[in-house]
Protein chains: 2
Amino acid sequence: MNNAHLYRGSLATIILKLLNEHDTMYGYEIVQRVDELTHGELRLTEGALYPSLHKMTAQGLLEVKVIKIGNRIRKYYQLTESGTKETVKKLAELEQYIKTMRALVNPRFR
Amino acid sequence: MNNAHLYRGSLATIILKLLNEHDTMYGYEIVQRVDELTHGELRLTEGALYPSLHKMTAQGLLEVKVIKIGNRIRKYYQLTESGTKETVKKLAELEQYIKTMRALVNPRFR
DNA sequence: TATTATGCATAATATTTTTATGTATTATTT
DNA sequence: AAATAATACATAAAAATATTATGCATAATA
């Protein structure tokens, strides 16, 4: 993973979209899912994930439900209404970014 | 420009590719060119551009030629051999990034 | 029983970028 | 002629984000 730098700024988009698809997910699950979906291309680190989840929760984009599995806890995250809107917005922004980068980088797209 | 966060990490790729196309360019010209090509979508700030140019020069990716236009100077940047290789690499990384993001974000691409 | 996997979390550091300035020359508008 | 805008470089403070390195604890597996 030498192109990690490009993923800077994409983390929230990824998390929101996954939650949008899966209804509820917990942190560890998100890490695993990203690893699967990208075939190891993108290694989502906990040091990035958890602060991001906390931030989006504080912003009202996510809701948390704490569940006990035996003696171990899981924190299930779910999109709020506002979070769903933000997801749509972020996906549109990603599309725009890709278009713009193509225009910059690929003369065919000009 | 509300999706600025996505461009984090893309700056070097953009600069290298533009230099790859135009042979030589100076800083101010790069700002203008990006503005034109993206129809104002991406506003490249000098505070980001100049340090990045200096860094890549220090890394041996770019060469500078200082030219006087009247009493005003221009610093023309040009890819070195190593810079050309790096450009190819960075463009491949961008393509990979886009593929990966599509896989994450667009179930159609799985 | 030792190791790996699960599951949370934070703190120090590094990197990159934005925002805010700063200096100076040349061109254009009032 | 004077004021403003455009050209052209640059850096410094602050903000944002992510990596790396830990830490704690439980459950499963070798």
Interatomic distance where CZ belongs to A/Arg43 and C1' belongs to D/dA21 [whole Å]: 13 Å
Distance check: side-chain N/O of A/Arg72 vs OP1/OP2 of C/dT6, anything under 4.0 Å? no
For a quick check of understanding: with a heavy-atom distance under 4.0 Å over all strands, which category does B/His54 fall into, base, sugar-phosphate or nothing? sugar-phosphate
Give a yes/no on whether any side-chain N or O of A/Lys75 is located under 4.0 angstrom from OP1 or OP2 of C/dA9. yes
Can you confirm whether the side chains of B/Glu41 and B/Tyr7 place a donor and an acceptor under 3.5 Å from each other? yes
Residue pair B/His5 / A/Arg8, side-chain donor-acceptor N/O under 3.5 Å: no
Is there a side-chain contact between B/Tyr50 and the phosphate of D/dC9, meaning an N or O under 4.0 Å from OP1 or OP2? yes
Nearest whole Å is fine: how far is C/dT17 C1' from B/Leu53 CG? 14 Å
5'-most by nearest nucleotide on DNA chain D - A/Gly70 or A/Ala12: A/Ala12
Under 4.0 Å between a side-chain N/O of A/Thr45 and OP1 or OP2 of D/dA18, yes or no? no
Of the candidates C/dA9, D/dA18, D/dA8, the side chain of A/Glu46 sits closest to C/dA9
Do the side-chain N or O atoms of A/Lys68 get closer than 4.0 angstrom to the phosphate oxygens (OP1, OP2) of D/dT26? no
Checking all strands, does A/Gly27 fall into the base, sugar-phosphate, or nothing category for heavy-atom contacts under 4.0 angstrom? sugar-phosphate
Minimum side-chain heavy-atom gap B/Leu44-B/Leu11 below 4.5 Å: yes
Checking side-chain polar atoms at under 3.5 Å, does B/Tyr97 have a donor or acceptor matched by the opposite partner on B/Ser10? no
Over how many whole Å does the gap from A/Lys55 atom NZ to C/dT10 atom C1' extend? 17 Å
Residue met sooner reading DNA chain D from 5', once B/Gln32 and B/Pro51 are mapped to nucleotides: B/Gln32
B/Ile73, nearest nucleotide to its side chain (from C/dT18, D/dT17, D/dC9): D/dC9
Any B/Asn71 side-chain nitrogen or oxygen under 4.0 Å from OP1 or OP2 of C/dT26: yes
Please evaluate residues A/Thr100 and B/Leu37 with respect to the criterion side chain to side chain contact (heavy atoms under 4.5 Å, CB included), reporting the C-alpha separation (whole Å), side-chain torsions for both, the decisive distance (0.1 Å), and the verdict. CA-CA 8 Å; A/Thr100 299; B/Leu37 288 172; over 6 Å; no
So, is B/Tyr28 near the phosphate of D/dT7, with a side-chain N or O under 4.0 Å from OP1 or OP2? yes
Mind checking B/Arg8 for me? I need base, sugar-phosphate or nothing, with any heavy atom below 4.0 Å counting as a touch. base
Any side-chain N or O of A/Tyr26 under 4.0 Å from OP1/OP2 of C/dG7? yes
